[in-house]
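Heads up, the thing below is written out as structure tokens.
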Amino acid sequence: SLSNFAAGVLIVAFRPFKSGDYVEVGGTAGTVDSIQIFQTVLKSPDNKMIVVPNSAVIGGAITNYSRHETRRVDMTIGVSYNADLQKTQQIIRETLEKDPRILKDPDITIGVVELADSSVNIVVRPWCKTGDYWGVHFDSTQALKEALDAAGIEIPYPQMDVHVNKTNE
């Protein structure tokens with residue numbers, strides 16, 4: 001109890017988060033409902049109440065997803081090895097620029113990040129206001145899939161080529 005009390009004092013003094021912030025603390029994530037002297041109460045995205053002892057909050061990493069006004073959306077899009085990468089990147093940029101929630105500054109990052117087993121992976125990183133994060137993430141994923149499909153750019157699934165060699169025995 002003493003360690004939870006001391007941790008509660010530290011949370012109040014240093015203010016790493018406030019009520020209403022979406023955080024990850026003590027191995028769990030949720031919206032801060034209240035900061036009490038012995039515990040911090042979170043509300044999970046599926047509406048569960050989570051009580052985290054303040055010593056667990058202070059004793060580990062604190063990730064505050066709400067702290068800043070803007071947030072980067074990280075996506076990886078896999079395309080076929082046969083795809084025209086310049087055209088693919090142009091379609092990705094044009095598709096994202098249609099969404100008014102995506103910020104112009106900082107600019108969208110688009111680049112080949114990996115030559116994977118079944119696809120060429122392109123990293124896509126637009127910025128948006130923190131409150132728009134999930135809407136931009138979900139809507140952009142769908143819009144990119146539809147735009148790439150319309151352009152005939154294949155998004156492959158993991159596959160394996162099997163070669164059968166006939167021998168004369």
Rounded to the nearest 0.5 Å, what's the gap from [atom1] on [X] to [atom2] on [Y]? Could you check?
X      : Y      : atom1 : atom2 : value
Ser55  : Ile11  : OG    : CD1   : 9.0 Å
Thr88  : Ile153 : OG1   : CD1   : 3.5 Å
Trp127 : Glu69  : CH2   : CD    : 12.5 Å
Ile35  : Leu42  : CD1   : CG    : 9.5 Å
Leu148 : Ile155 : CG    : CD1   : 5.0 Å
Arg125 : Ile110 : CZ    : CD1   : 12.0 Å

Hydrophobic clusters here meaning ILVMFWY residues chained together by side-chain heavy-atom distances under 4.5 Å, can you tell me if [X] and [Y] are in one?
X      : Y      : result
Val123 : Leu85  : no
Leu103 : Leu144 : no
Tyr133 : Val23  : no
Val25  : Phe5   : no
Phe17  : Met49  : no

Donor-acceptor contact present, side-chain [X] to main-chain [Y], <3.5 Å:
X      : Y     : result
Asp21  : Lys18 : yes
Ser80  : Asn82 : yes
Thr130 : His68 : yes
Asn54  : Ile37 : yes

Close side-chain approach of [X] to [Y], heavy-atom, < 4.5 Å:
X      : Y      : value
Pro16  : Asn64  : no
Met75  : Pro126 : yes
Val112 : Gln89  : yes
Ile102 : Ser140 : yes
Ile122 : Val113 : no
Arg101 : Asp139 : yes
Glu97  : Ile108 : yes

Enclosure of Tyr81 OH (heavy-atom neighbours >12, cutoff 6.0 Å):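 Yes.
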
Within 6.0 Å of CG in Asp46, more than 12 heavy atoms from elsewhere: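 More than 12 within 6.0 Å, yes.
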
Do you know which two heavy atoms are closest between [X] and [Y], and how far apart they sit?
X      : Y      : result
His137 : Asp74  : NE2-O, 4.1 Å
Ile50  : Ala29  : CD1-O, 3.9 Å
Ser118 : Pro156 : O-CG, 3.1 Å
Asn121 : Gly78  : OD1-CA, 3.4 Å
Ser66  : Gly20  : OG-O, 4.5 Å
Ala56  : Val52  : CB-CG1, 4.1 Å

Donor-acceptor pair between Gln90 and Gln86 side chains, under 3.5 angstrom: no

Worked verdict on Asp107 versus Arg93 for salt bridge (Lys or Arg N to Asp or Glu O under 4.0 Å): CA-CA 10 Å; Asp107 193 19; Arg93 180 170 293 281; 3.2 Å; yes

With Tyr65 via ring-ring contact (aromatic ring centres under 6.0 Å, His included) - residues at least two apart: Tyr22

